[in-house]
*Asks:* 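For reference, the structure I am asking about is given below.
All values below were derived from every heavy atom in this structure, side-chain atoms included, with hydrogens, water molecules and symmetry-related copies excluded. Proteins come first, then strands; the chains are lettered A, B, ... in the order of their sequence lines, and each starts at number 1.
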Protein chains: 2
Amino acid sequence: MNESVFKAMSDATRRKIIELLKEGPKTAGEIADHFTHAQPTISRHLTVLKHANLVVDQREGTFIIYRLNTTILQEWLAWLLEHFGGGDSDE
Amino acid sequence: MNESVFKAMSDATRRKIIELLKEGPKTAGEIADHFTHAQPTISRHLTVLKHANLVVDQREGTFIIYRLNTTILQEWLAWLLEHFGGGDSDE
DNA sequence: TTACTTATTAGCCATTTAGCTATATAATGA
DNA sequence: TCATTATATAGCTAAATGGCTAATAAGTAA
């Protein structure tokens with residue numbers, strides 16, 4: 001599993017962005033509106049998520065629309081379950 | 001969900017320690033033997049895991065035995081599934 | 001072209017992180 | 001008590017992180 005996904009998911013702001021994008025695609029501005037951070041700060045979080053391939057972006061006029069890459073998220077969850085789920089030594 | 005668990009799990013060395021402890025309790029030295037890092041480095045990783053309550057330690061003579069706190073690990077996985085699992089907007 | 005809007009990139013700073021070596025602590029046994 | 005073993009803590013450094021403001025880019029429309 002790609003280390004960058006773990007790093008991306010280890011920040012509370014980025015996890016909240018992921019949760020927002022679960023509702024559906026959103027522009028960078030719509031995402032930023034949910035936080036008190038400065039807008040460039042959110043932009044950088046989006047870049048981190050993009051490098052982890054957890055989100056994809058697409059320009060639409062002056063807007064940039066972000067959407068969740070559900071595949072990566074689900075692969076990450078599957079990896080976690082495989083490595084850390086179940087299998088208690090005294091199960 | 002406690003932020004410290006995410007931070008603890010975001011490091012590859014610590015995840016490997018967790019995987020080792022899934023096999024059963026181990027002393028700090030046994031754990032350190034699985035890595036090329038210096039012993040104090042592993043000791044510090046164990047402290048991070050301890051503060052996240054992912055492991056517990058118990059002195060046994062000169063040894064200190066670490067064991068997994070499976071409850072926390074499973075609660076973390078459950079939280080992840082609840083927040084990020086399923087629920088694709090186009091499912 | 002100019003002005004406006006949306007968003008990113010650049011550059012800075014403070015804090016955290018992860019590694020190391022050296023030192024300290026705790027338990028045991030001679 | 002002294003030595004040995006197992007482990008943690010202290011103190012340092014380099015790199016990464018996350019925040020900010022200021023500047024830049026990209027698109028639209030007058």
*Asks:* Can you tell me how far C1' of dC20(D) sits from CZ of Phe35(A), to the nearest Å?
*Replies:*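 In whole Å, dC20(D) C1' and Phe35(A) CZ are 17 Å from each other.
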*Asks:* Do the side chain of Asn69(A) and the main chain of Asn53(A) share a donor and acceptor less than 3.5 angstrom apart?
*Replies:*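 Here the side-chain-to-backbone pair exists.
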*Asks:* Do His45(B) and Asp11(B) have side chains that get closer than 4.5 Å, going by heavy atoms?
*Replies:* yes
*Asks:* Does dT7(D) have its OP1 or OP2 closer than 4.0 Å to a side-chain nitrogen or oxygen of Arg44(B)?
*Replies:*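 No, Arg44(B) has no side-chain N/O under 4.0 Å of OP1/OP2 on dT7(D).
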*Asks:* Which value, rounded to the nearest 0.5 Å, describes the distance between Leu20(B) atom CG and Arg14(B) atom CZ?
*Replies:*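 The distance works out to 14.5 Å.
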*Asks:* In whole Å, what is the span from the NZ atom of Lys50(B) to the C1' atom of dT7(D)?
*Replies:*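 In whole Å, dT7(D) C1' and Lys50(B) NZ are 10 Å from each other.
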*Asks:* What heavy-atom pair brings Tyr66(B) and Asp57(B) nearest, and what distance separates the two atoms?
*Replies:* CE2-CB, 3.6 Å
*Asks:* So, does Thr41(A) get its side chain near the phosphate of dG18(D), meaning an N or O under 4.0 Å from OP1 or OP2?
*Replies:* no
*Asks:* Output the rounded distance in Å from NE2 (His37(A)) to C1' (dT17(D)).
*Replies:* 13 Å
*Asks:* Give each protein N/O atom lying under 3.5 Å from an N/O atom of nucleotides 4-7 of chain C, with the pair distance.
*Replies:*
unit_1 : atom_1 : unit_2   : atom_2 : d
dA7(C) : OP1    : Ala28(A) : N      : 3.4
dA7(C) : OP2    : Gly29(A) : N      : 3.0

*Asks:* Round to the nearest Å and state the distance from Lys7(B) atom NZ to dT15(C) atom P.
*Replies:* 16 Å
*Asks:* Tell me whether the side-chain N/O atoms of His45(B) come closer than 4.0 Å to OP1 or OP2 in dT17(C).
*Replies:*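 Negative; the distance criterion is not met.
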*Asks:* To the nearest 0.5 Å, what is the distance between NE2 (His83(B)) and NZ (Lys16(A))?
*Replies:*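 Here the rounded value is 11.5 Å.
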*Asks:* Nearest whole Å is fine: how far is dA26(C) C1' from Gln58(B) CD?
*Replies:*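 Checked: the CD to C1' distance equals 16 Å.
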*Asks:* Once you round it to whole Å, what is the distance between P of dT7(D) and NZ of Lys26(B)?
*Replies:*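 About 13 Å, once rounded to whole Å.
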*Asks:* Do Leu68(A) and Val48(A) belong to the same hydrophobic cluster, where Ile, Leu, Val, Met, Phe, Trp and Tyr are linked whenever their side-chain heavy atoms lie under 4.5 Å apart, directly or via other members?
*Replies:* no
*Asks:* Between P on dT17(D) and CZ on Phe6(A), what's the gap in Å once rounded to a whole number?
*Replies:*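 After rounding, the reported distance stands at 15 Å.
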*Asks:* Could you tabulate the donor-acceptor pairs under 3.5 Å formed by side-chain atoms of residues 35-44 of chain A, not counting sequence neighbours?
*Replies:*
none

*Asks:* Rounded off to whole Å, could you give me the CG-to-P distance for the Asp11(A) and dA16(D) pair?
*Replies:*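 Whole-Å distance recorded here is 17 Å.
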